[in-house]
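To start, the structure itself, in structure tokens.
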There are 4 protein chains.
Amino acid sequence: MKVSNKHSKIIAGATKVFAKKGFFNARISDIAREAKVADGTIYLYFNNKFDILISVFEEEIGNLIKQVNKLLAAEDDPRKMLEIFARKHLTVMKKNKNLAEVIQIELRQSAKLVKDYRNNRFSEYINIISFIIELGQEQNIYRISINPCIAKRAFFGALDEISRIWTVGTTTGFTVEEITQQILEIFLCGILEPEASFSYTIN
Amino acid sequence: MKVSNKHSKIIAGATKVFAKKGFFNARISDIAREAKVADGTIYLYFNNKFDILISVFEEEIGNLIKQVNKLLAAEDDPRKMLEIFARKHLTVMKKNKNLAEVIQIELRQSAKLVKDYRNNRFSEYINIISFIIELGQEQNIYRISINPCIAKRAFFGALDEISRIWTVGTTTGFTVEEITQQILEIFLCGILEPEASFSYTIN
Amino acid sequence: MKVSNKHSKIIAGATKVFAKKGFFNARISDIAREAKVADGTIYLYFNNKFDILISVFEEEIGNLIKQVNKLLAAEDDPRKMLEIFARKHLTVMKKNKNLAEVIQIELRQSAKLVKDYRNNRFSEYINIISFIIELGQEQNIYRISINPCIAKRAFFGALDEISRIWTVGTTTGFTVEEITQQILEIFLCGILEPEASFSYTIN
Amino acid sequence: MKVSNKHSKIIAGATKVFAKKGFFNARISDIAREAKVADGTIYLYFNNKFDILISVFEEEIGNLIKQVNKLLAAEDDPRKMLEIFARKHLTVMKKNKNLAEVIQIELRQSAKLVKDYRNNRFSEYINIISFIIELGQEQNIYRISINPCIAKRAFFGALDEISRIWTVGTTTGFTVEEITQQILEIFLCGILEPEASFSYTIN
DNA sequence: GATGAATGAGGCTTCATTCAT
DNA sequence: AATGAATGAAGCCTCATTCAT
């Protein structure tokens, strides 16, 4: 399982450095220093700087997927499952600001650099959302009119944007729980007063 | 209207280049070529490369704000207003892929580089959403339990993440209208089957 | 006599700017601003940046030569003449720090740039010293063993090096008169106690 | 002894290039080529271009100080000491034209750039002169009326200006020994015919 | 003559990557 | 495998000079 001690030290160092400075401002020597290895050593484990970035994702998001899946395995109510996903995502992002920034910033960069990179681990991650929605639709709990492909992006986008309040130095002191409640309320029930919905049709 | 011919040519060129290559991969000479000016000319109008990025935001988002506000002025139903915001945002992002990418990618980078940059024009933009929500709450159309500050981020995040399907080379052929409908349905009514909501309480 | 108003304004501006920033750190636009003309105007009066430097010398040292010669014309004792030269040089350098710096710094630079430039006005200036010495030798006042060509450099070098106490921010508060006295004493009588000279032969 | 092979190669290369082209006209790539290292290597040993200049001084003048002090240690007649200083200075400047030019030209530039730089090694060097003079005054060999602080500048300035005959392409074929004799004669005895001094008082 | 916006060549410096040890 | 000194390509930016007005 453990590929190499140095390998993981470099991944850890890179995650920290990318988060602090961003991919382009990160220096190989920064990562080497953080990982306590020589600059050249990094090239024994990675092809180039960008390869490190990809690996950081693979690693960190892989962990996230594993954790989320484990939690979801113990639950079968699609409503609870969505709640679990939101809470876990927000919790991890708040705790591991490094990862949060790496995802928020670098994922977008890398999507540009390696056009279809997102198909990999990251897609796997947000497809958990559409899987939950489809599950709910099969159980007649989620509306059939909802497009899971659009909804998964909306849900992830909402979580992602919100979790930025912890990475940027904003001081709005929302707790994970408050946000989870709000997000769930919005996504499950919408923001409309029940009575107000009668007097409105989209478009 | 035109402050300076060169100024706006550079802004336009920079928007295009930043979108295509990203801020860090963009070369001043790329922008100059795109804008059909000499490299040095750029420094008559901007202090440095980063200043160009900031200006692109100020300019483009300023336009967006102006357009959105104009549309909203003719409407007073908070539900329609949210719809208008979503449709306009998506329409612009689909049409002006350059701007879309610049916002999606670079805004996040610059948030890191200039810690509190987002307070400027961008905040102004997404505060339109919270304004609409608060308006709806006063009219008893939007639930008072919804926190506008969280909801605005959720709404923008959803739009932003979804609009990436046009910038990344995904081939999901959703139209602006389809997405607008879906987003509105999700945000106004939630994804829950009406009956399902009785059997569920968050957390 | 007056070539042009702009011409002399540029010379004056350049003298000031060269002194403050040095030739290489001086910008044409600095000179233009100082002279209150447009950048392009400078090129109506001078071929290039270096040409301005040369002109500043020609002008300023020309003035100096004129003034010194005028003073010397009224004196025929070679001892007094040397004194007059020293006093005038030091007085001008102390008062006109701009010129002092330009001579001290730029003259040396320009000597490199235009290899034989020093033959012009500057040589004319320090040849006044050798002229005085030769005059004194003819009158049997200055020792015939003194080589005027070496002595002129020694004398000018001494004055030049000393006058740097005013341009660099040293705070040794010597007056022009004190220095003139010392220089004259050294050069006319040497630093040796009269009795000590008997017990010593060079080399 | 050798701190680093590259370090001293760069110093040597820089000394040569600065002398040939002057600090501002010298290109980092010139120095690199001269030192037979890559451009980037220079920045492993120096912070920036100006730092190289400073280092050249520190190094070269340090050597000079060491050599002069060594020679002076074997002598205790202040007259001979001054002679030794002059001869050594001129000898080194004639042989090492690179150093001569660097001192003559760049020292003055750098004095401007780093206002109080001269306090360092260079001051140490010319303070040797005032030390010798003070020593002579204590022994009643040099006149007490001579101000060592002015005299040291006069003496150094004279040597410096004279040594320019070797750096600028002048063709006056003076030998080091001729000049040393002249300088010593001037500074020790003055240029006045002994009898002439009776009929003259300064000012 | 005068202007100053525009030009574009070129330098200093950085840093990903290599390679001799 | 590990090191880190060395490399050198390439970018941001400056600024002397030009030229259309």
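In the text below, chain A, chain B and the rest are named by the order of the sequence lines, each starting its count at 1.
- Rounded to the nearest 0.5 angstrom, F57(C) CZ and I52(C) CD1 are separated by 12.5 Å.
- Atom CD1 of I42(A) sits about 11.0 Å away from atom OH of Y45(A), to the nearest 0.5 Å.
- Residues passing the side-chain contact (heavy atoms from CB on, under 4.5 Å) test with A12(B), sequence neighbours excluded: none.
- Checking side-chain atoms of K49(A) against main-chain N and O of A26(A) turns up a donor-acceptor pair under 3.5 Å.
- Nucleotide dT7(E) holds its P atom 14 Å from the CZ atom of R33(B), rounded to whole Å.
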For residues 30-39 of chain D, dump all side-chain donor-acceptor pairs below 3.5 Å to protein atoms at least two apart in sequence or in another chain.
from, atom 1, to, atom 2, distance (Å)
D30(D), OD2, K21(D), NZ, 3.1
D30(D), OD2, R27(D), N, 3.0
E34(D), OE2, K16(D), NZ, 3.3

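- In this structure, E59(B) has no side chain to side chain donor-acceptor pair (under 3.5 Å) partners at least two apart in sequence or on a different chain.
- With rounding to whole Å, K21(D) atom NZ is found 13 Å from dG10(E) atom P.
- Computed from coordinates, the I42(D) CD1 to dG11(E) C1' distance equals 13 Å when rounded to whole Å.
- Per the geometry, CG belonging to D30(D) stands 12 Å off C1' belonging to dG10(E), to the nearest Å.
- Partners of Y125(B) by ring pair (Phe, Tyr, Trp, His ring centres under 6.0 Å), not counting sequence neighbours, listed by chain and number: F85(B), H89(B).
- Looking at residues two or more places apart in sequence or on another chain, you find a side-chain contact (heavy atoms from CB on, under 4.5 Å) between Y43(D) and I28(D).
- Within the 4.0 angstrom heavy-atom criterion, no nucleotide atom of any strand lies near F46(A).
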Please tabulate the protein-to-nucleotide N/O contacts below 3.5 Å involving nucleotides 14-16 of chain E, giving atom names and distances.
from, atom 1, to, atom 2, distance (Å)
dC15(E), OP1, R27(A), NE, 2.6
dC15(E), OP1, R27(A), NH2, 2.8
dC15(E), O5', R27(A), NE, 3.2
dA16(E), OP1, A26(A), O, 3.4
dA16(E), OP1, R27(A), NH1, 2.9
dA16(E), OP1, K49(A), NZ, 3.4
dA16(E), OP2, I28(A), N, 2.9

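- The aromatic rings of F24(B) and F24(A) sit parallel, their planes meeting at an angle under 30°, below the 60° perpendicular limit.
- Taking a heavy-atom distance under 4.0 Å as the criterion, the stretch of DNA chain F touched by chain B extends 5' to 3' from dG11(F) to dT14(F).
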Inset, instruction - Determine which bases of DNA chain E form Watson-Crick or G-U wobble pairs with both distances under 3.5 Å, and write the result as a 5' to 3' dot-bracket string with | for other-strand partners. - result: .||||||||||||||||||||
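- Partners of D51(A) by side-chain contact (heavy atoms from CB on, under 4.5 Å), not counting sequence neighbours, listed by chain and number: F46(A), N47(A), N48(A), S55(A).
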